[in-house]
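Source: prediction; values computed, not measured.
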Amino acid sequence: AQTGKTVIISSGLTEQTDIEESIKILKDNGCKDIILLQCTSSYPAPANESNLLTIPAMREIFNCHIGLSDHTPGIGVAVGSVALGTRLIEKHLKLKGDNTGVDAAFSLDPDTFGLMVEEIGRAYEALGKVDFTIQESEKNSLRFKRSIYSVVDIAKGEIITEDNIRIIRPSGGLAPKHFDEILGKKAVTDIRAGSPLTFEVIA
């Protein structure tokens with residue numbers, strides 16, 4: 001801690017009070033940059049004991065960067081942890097075809113390790129921001145939304161009924177939520193079959 005360098009510390013085989021004591025010692029001795037790794041110290045670790053939901057709680061309690069020391073087989077736990085806030089991931093690496101090492105059962109060969117790195121990057125990028133708007137890439141798909149269309153020719157003055165209109169694709173007409181609202185209204189002009197209904201053509 002007194003070197004001023006970043007300290008990476010694992011939570012394996014500890015309880016909350018142990019972590020609190022360790023973090024306090026580090027901070028009391030001048031460490032300003034701490035990365036605390038959520039860790040299940042079994043080899044291999046079962047996914048159902050990874051308890052990734054501890055990650056955001058750790059960040060809240062200890063006010064530091066959180067990572068994951070992952071001993072589960074495969075890449076799913078590591079990739080999933082990104083959505084909960086991990087910013088550093090430790091994963092064991094083995095040579096391709098090497099199944100003799102003591103950590104081989106949960107270590108990744110270089111190809112799988114590379115895939116994990118790629119998917120972690122994609123997961124991090126996908127976090128984005130809180131945004132309830134239609135995304136740029138979605139805009140071309142707006143035409144696939146349903147709306148209200150005439151399904152037969154409707155003469156001027158004719159009543160709008162469930163028999164002469166329908167909710168179908170594409171967009172362009174009134175939104176489906178207006179279906180019941182326009183039943184019983186009259187056409188103010190001739191409406192050809194297959195035309196989108198708008199408030200301008202009914203009253």
Side chain to side chain, Thr72 and Lys91, heavy atoms closer than 4.5 Å: yes
Does CD in Glu21 sit with more than 12 non-hydrogen atoms of other residues, nucleotides or ligands closer than 6.0 Å? no
Assess whether side chain to side chain contact (heavy atoms under 4.5 Å, CB included) is satisfied between Ile182 and Phe199, documenting all intermediate values. CA-CA 9 Å; Ile182 66 175; Phe199 285 122; 4.1 Å; yes
Counting only heavy atoms not in Glu138 (residues, nucleotides, ligands), do more than 12 fall under 6.0 Å from its CD? yes
OG1 on Thr86 to CG on Leu88, rounded to 0.5 Å: 8.5 Å
Treating Ile, Leu, Val, Met, Phe, Trp and Tyr as nodes and any side-chain heavy-atom pair under 4.5 angstrom as an edge, say whether Val102 and Phe113 lie in one connected cluster. no
Would you confirm whether Glu158, through its side chain, and Ala155, through its main-chain N or O, come within 3.5 Å as a donor-acceptor pair? yes
Minimum heavy-atom separation for Ala105 to Pro73, with atom names? O-CB, 4.1 Å
Answer yes or no: is there a side-chain heavy-atom contact under 4.5 Å between Leu108 and Leu115? no
Measure the acute angle between the ring planes of His92 and His71, then classify it against the limits of 30° and 60° as parallel, tilted or perpendicular. perpendicular
Please find the pair of heavy atoms, one from Ala203 and one from Val188, that lie closest to each other, and give the distance. CB-CG1, 3.4 Å
Within a reach of under 6.0 Å around OH of Tyr124, are more than 12 heavy atoms found that belong to other residues, nucleotides or ligands? no
Output for pair (Asp33 CG, Ile8 CD1), nearest 0.5 Å, gives 9.0 Å
Out of curiosity, Leu127 CG to Leu84 CG, how far, rounded to the nearest 0.5 Å? 9.5 Å
Spacing of Leu13 atom CG and Thr40 atom OG1 [to the nearest 0.5 Å]: 9.5 Å
How long is the span from the CD1 atom in Ile167 to the OG atom in Ser147, to the nearest 0.5 Å? 9.0 Å
Please check if the number of heavy atoms outside Ile134 that lie under 6.0 Å from its CD1 is greater than 12. no
Does a salt bridge link Arg122 with Glu119, judged by any charged N lying under 4.0 Å from a carboxylate O? yes
So do the side chains of Val201 and Ile154 get within less than 4.5 Å of each other, counting heavy atoms only? no
Taking the side chain as every heavy atom from C-beta outward, state whether Ile35 and Arg87 have any pair of such atoms under 4.5 Å apart. no
Please tell me whether Gln135 and Ser137 have a donor and an acceptor in their side chains that are separated by less than 3.5 angstrom. no
Transitive ILVMFWY side-chain link Leu183 to Ile191, under 4.5 Å: yes
Begin with the C-alpha distance, continue with both residues' side-chain angles, and end with the deciding distance and a verdict on side chain to side chain contact (heavy atoms under 4.5 Å, CB included) for Leu52 and Val77. CA-CA 8 Å; Leu52 296 184; Val77 171; 4.0 Å; yes
In this structure, are over 12 heavy atoms from other groups packed under 6.0 Å from Asp153 atom CG? yes
Do Ile34 and Lys27 have side chains that approach each other closer than 4.5 Å (heavy atoms only, starting at C-beta)? yes
Could you check whether any side-chain N or O of Ser150 sits under 3.5 Å from a backbone N or O of Arg192, counting only pairs where one atom can act as donor and the other as acceptor? yes
Ile148 and its side-chain contact (heavy atoms from CB on, under 4.5 Å) partner, picked from Ile168, Ile165, Thr198: Ile165
Is there a chain of hydrophobic side chains (I, L, V, M, F, W, Y, each step under 4.5 Å between heavy atoms) that links Phe62 to Ile66? yes
Would you compute the distance between atom CG of Leu68 and atom OG of Ser10 and round it to the nearest 0.5 angstrom? 9.5 Å
Hey, does the side chain of Gln2 reach the backbone of Gly30 with a donor-acceptor pair shorter than 3.5 angstrom? no
Is there a side-chain contact between Tyr149 and Pro170, using heavy atoms and a 4.5 Å cut-off? yes
Do Met58 and Ile19 come close enough that some side-chain heavy atom pair is under 4.5 Å? yes
State plainly whether one hydrophobic cluster holds both Leu37 and Phe106, where clusters connect Ile, Leu, Val, Met, Phe, Trp and Tyr through side-chain heavy atoms under 4.5 angstrom apart. no
Decide if atom CZ of Arg166 counts as having more than 12 heavy atoms of other residues, nucleotides or ligands within a radius under 6.0 Å. no
So does Asp163 get a backbone contact from the side chain of Thr161, meaning a donor-acceptor N/O pair under 3.5 Å? yes
Using side-chain heavy atoms (C-beta onward) and a distance below 4.5 Å, is Ile61 in contact with Gln16? yes
Are the charged groups of Lys94 and Asp103 less than 4.0 angstrom apart, N to O? no
Full working for side chain to side chain contact (heavy atoms under 4.5 Å, CB included) between Ser81 and Asp70: CA-CA 10 Å; Ser81 73; Asp70 181 27; over 6 Å; no
Show, in sequence, the C-alpha distance, side-chain angles and deciding distance for Val79 and Ile120, and conclude whether the side chain to side chain contact (heavy atoms under 4.5 Å, CB included) test is met. CA-CA 5 Å; Val79 174; Ile120 284 171; 4.0 Å; yes
Would you name the heavy atoms of Pro176 and Arg146 that are closest together and state the gap between them? CD-O, 3.4 Å
Nearest atoms (heavy-atom pairs only) where Ala78 meets Met116: CB-SD, 3.9 Å
